[in-house]
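A quick write-up on the structure given underneath.
For this chain, numbers begin at 1 and follow the sequence in order. Only heavy atoms go into these numbers, but all of them, side chains included; no hydrogens, no water, no symmetry mates.
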Amino acid sequence: MCPMPSAESTQASVHEPDPVRPTKEDEVAAAGSELFGGPIGRRALLGTSWWTPVRVIALVAIGMFALGLVQKAPCYNGAWFFGASSQYTHACYSDIPHLYQGRGFIDGLVPYFDKLPGDMQYLEYPVLTGVFMEVASWLTPGGGSVQDQQQWYWMVNAGMLMVCAAVIAVCVTRTHARRPWDGLLVALAPAFALTATINWDLLAVALTAAAMLMWSRGRSLAFGVLLGLATAAKLYPFLLLGPLLVLCWRAGKWREYGTALAGAAVAWLVVNVPVMVFAFDGWSKFYTFSQERGVDFGSFWLVLAQNSDNPLSTDTVNTLALLLMLLCSGAVAALTLAAPRRPRFAQLAFLIVAAFILTNKVYSPQYVLWLVPLAVLARPKWRDLLIWQACEVAYFLGIWMYLAYTTSGDAHKGLPTDGYHWVIGLHLLGTLYLCVMVVRDILMPDRDPVRRHGADDPSGGVLDGAKDVFVLGPAAHPSRHTAQFAGPPVEWGTGRETGSSL
């Protein structure tokens with residue numbers, strides 16, 4: 001018979017570690033907190049108020065989203081509708097009001113099934129995003145002028161996208177249970193607020209953030225279903241299945257990966273097959289458009305093309321971009337299997353999506369939304385994220401000033417081509433900088449802000465604390481940098497901190 005546990009041992013075994021306080025470990029967060037009374041004290045009563053981290057961060061995210069709407073006011077009041085370049089000089093462009101008319105929603109055309117007038121015969125978005133756009137058109141009042149309806153359509157979409165923004169902030173806040181305040185990095189990200197209503201990317205980002213939360217809770221099937229739905233809204237989320245495969249290979253978690261993969265495939269098929277069967281030409285437009293689209297804004301391919309007397313053909317760029325992406329994927333896989341400790345899932349998710357962005361032939365300014373939640377989960381360090389965000393804000397302003405320059409005729413108001421190339425380079429360098437910091441954390445786990453307190457992989461679900469079954473190179477050896485940082489040592493691979501009672 002097992003002895004009855006004592007009160008002391010019972011209390012120790014059920015004790016949960018205190019949440020990590022950013023103002024205690026991050027100098028930038030501590031300095032910023034002076035605006036609100038300074039770092040939290042050791043006698044503060046946490047978790048005893050209605051103002052929990054989740055609620056505070058959700059409200060901050062909604063507030064920042066509202067500021068982003070205010071930033072679009074000059075366009076809402078006329079720049080979308082009058083003047084060729086005013087929507088660019090005010091940096092408030094959005095696809096939403098333009099596509100309400102340009103993709104037939106104002107005329108009641110059904111996406112994918114009804115042909116559109118003009119060069120774009122069908123809606124060039126994935127099916128779930130098309131559904132989102134169609135639902136917004138149903139909620140848009142039909143009376144008034146075309147401008148009135150476009151304004152209403154943008155407002156309806158803004159309301160729906162605001163819900164997505166709140167979901168993203170909440171999911172990131174809850175993914176790392178001991179680090180809820182990291183969600184503020186999402187809520188306060190300036191590029192997030194500036195680009196939130198340019199397009200419909202927040203739908204896919206919200207589904208991906210929810211999928212990451214489900215994986216962190218060990219719910220493989222729910223993760224797969226949500227990721228499949230996210231891929232039905234935007235192509236990039238399926239990239240997360242690649243690094244997850246290698247992580248599960250290293251940890252021997254084949255069953256969980258198979259469940260996630262099956263859930264993703266079924267969810268994607270449920271959304272896509274009905275349209276694929278009954279309107280194949282419309283369904284396939286997104287894929288053919290992506291393939292046939294030439295080199296476009298924001299990519300290093302554009303810099304090369306605009307500085308070359310003999311630019312590469314679209315087919316050649318497609319091939320080279322694919323090869324570069326495969327090379328990056330191979331590097332991520334090698335890093336996963338050879339790192340001294342199995343990388344965290346969020347770290348690899350960020351790296352693979354960043355690789356896609358860096359090698360792609362187009363970088364629209366709203367693509368930064370794909371990276372924000374993943375970057376916060378991968379490296380919740382205020383300094384590094386603010387450096388990256390500054391680069392992205394510079395690119396956000398640069399692309400609109402460049403478009404103002406190209407659409408203002410002989411006046412040439414805005415940023416010339418050479419200047420635009422510099423802001424493209426700044427965007428690329430900012431993203432590469434954050435990638436380098438994440439890779440450094442992987443190679444030296446004790447520099448990882450998440451792991452320095454003894455955690456293994458809070459967003460890893462079944463991978464958290466799991467033993468390795470397949471490794472390469474130095475993977476079996478502990479980090480040589482442990483002594484540089486304070487904090488409890490962790491016996492990674494056993495799922496517990498040294499000296500803790502479980």
Side-chain angles (χ1 to χ4, degrees), residues 64-102 147 150-151 153-155 157-158 161 165 188-202 205 293-303 305-307 357-358 360-372 386-431:
M64 285 293 291
F65 189 97
L67 289 177
L69 300 186
V70 172
Q71 190 268 333
K72 301 294 186 291
C75 280
Y76 181 86
N77 292 327
W80 284 330
F81 315 106
F82 309 108
S85 62
S86 57
Q87 59 186 333
Y88 304 133
T89 56
H90 288 94
C92 54
Y93 174 84
S94 172
D95 288 325
I96 294 172
H98 297 296
L99 295 188
Y100 180 58
Q101 183 176 18
Q147 179 179 332
Q150 288 176 302
Q151 289 172 322
Y153 186 65
W154 181 80
M155 286 298 296
N157 275 280
L161 292 171
L188 292 173
F192 194 96
L194 290 170
T195 62
T197 56
I198 291 178
N199 203 278
W200 292 270
D201 294 63
L202 279 184
V205 178
R293 184 178 190 177
V295 169
D296 214 332
F297 297 115
S299 69
F300 76 90
W301 300 106
L302 180 67
V303 178
Q306 291 183 336
N307 286 281
I357 282 176
L358 291 169
N360 199 20
K361 61 185 177 182
V362 59
Y363 178 73
S364 296
Q366 72 272 12
Y367 289 3
V368 68
L369 297 170
W370 306 357
L371 285 178
V372 170
L386 288 175
I387 290 172
W388 170 58
Q389 282 290 291
C391 295
E392 292 298 330
V393 170
Y395 177 75
F396 172 84
L397 297 174
I399 186 174
W400 304 132
M401 293 304 101
Y402 172 66
L403 287 170
Y405 179 85
T406 59
T407 58
S408 58
D410 294 335
H412 291 312
K413 297 179 180 178
L415 190 67
T417 302
D418 289 344
Y420 180 53
H421 291 170
W422 281 106
V423 295
I424 290 176
L426 193 61
H427 143 67
L428 296 171
L429 287 175
T431 306

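- The two residues Ala91 and Phe396 come nearest to each other via the heavy atoms O-CZ, 3.5 Å.
- With hydrogens and angles ignored, the 3.5 Å screen pairs no side-chain donor or acceptor of Ser364 with any backbone N or O of Tyr367.
- Qualifying ring-ring contact (aromatic ring centres under 6.0 Å, His included) partners for Trp154, counting only residues two or more places apart in sequence or in other chains: Tyr76, Trp80.
- Of all the heavy atoms in Gly398 and Leu415, the pair that sits closest is O-CD2, 3.8 Å.
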### Query
Going through the checks in order, is the side chain to side chain contact (heavy atoms under 4.5 Å, CB included) test met by Phe65 and Leu161?
CA-CA 9 Å; Phe65 189 97; Leu161 292 171; 4.0 Å; yes
### Task
Apply the test side chain to side chain contact (heavy atoms under 4.5 Å, CB included) to residues Leu69 and Met155: give CA-CA distance (whole Å), side-chain angles for both, the deciding distance (0.1 Å), then the verdict.
CA-CA 9 Å; Leu69 300 186; Met155 286 298 296; 5.6 Å; no
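- In summary, of the residues considered (Asp296, Asn360, Val362, Val295), a side-chain contact (heavy atoms from CB on, under 4.5 Å) with Trp301 occurs for Val295 alone.
- Formation of a donor-acceptor pair under 3.5 Å by the Ser299 side chain with backbone atoms of Lys361 is found in this model.
- Remark: Tyr88 OH to Lys413 NZ distance equals 16.0 Å, nearest 0.5 Å.
- Two residues are said to be in side-chain contact when any heavy atoms from C-beta on lie closer than 4.5 Å; Val423 and Met401 fail this criterion.
- The aromatic ring centres of Tyr405 and Tyr420 sit 6.0 Å or more apart.
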Give the table of side-chain donor-acceptor pairs shorter than 3.5 Å for residues 190-199, with sequence neighbours excluded, one pair per line with atom names and distance.
| residue | atom | partner | partner atom | Å |
| --- | --- | --- | --- | --- |
| Thr195 | OG1 | Ala191 | O | 2.7 |
| Asn199 | ND2 | Asp95 | OD2 | 2.7 |
| Asn199 | ND2 | Tyr125 | OH | 2.9 |

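- No side-chain heavy atom of Leu358 sits under 4.5 Å from any side-chain heavy atom of Phe300.
- Taking both residues in full, the closest heavy atoms of Leu188 and Met64 are given as O-CE, 3.8 Å, listed atom of the first, atom of the second, then distance.
- Between the CG atom in Leu369 and the CG atom in Asp201 there is a gap of 6.0 Å [rounded to 0.5 Å].
- To the nearest 0.5 Å, atoms CG (Leu302) and CZ (Phe297) are separated by 7.5 Å.
- In this structure, Tyr93 and Lys72 approach most closely via the heavy-atom pair O-CE, 4.0 Å.
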### Query
Checking side chain to side chain contact (heavy atoms under 4.5 Å, CB included) for the pair Gln101/Tyr153: CA distance, chi angles, key distance, verdict?
CA-CA 10 Å; Gln101 183 176 18; Tyr153 186 65; over 6 Å; no
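- A distance of 10.0 Å separates CH2 of Trp388 from NE2 of His427, quoted to the nearest 0.5 Å.
- Atom-to-atom distance recorded for Ile399:CD1 and Ile424:CD1 is 8.0 Å, nearest 0.5 angstrom.
- The disulfide bond (SG atoms under 2.5 Å apart) search around Cys92 returns Cys75, not counting sequence neighbours.
- Between Tyr395 and Leu428 there is no side-chain heavy-atom pair separated by less than 4.5 Å.
- Nearest heavy atom pair, residue Ser86 against residue Thr89, reads O-OG1, 3.0 Å.
- For Ser94 against His98, the heavy-atom pair with the smallest separation is O-CD2, 3.1 Å.
- To the nearest 0.5 Å, atom OH of residue Tyr363 and atom OG1 of residue Thr431 are 5.5 Å apart.
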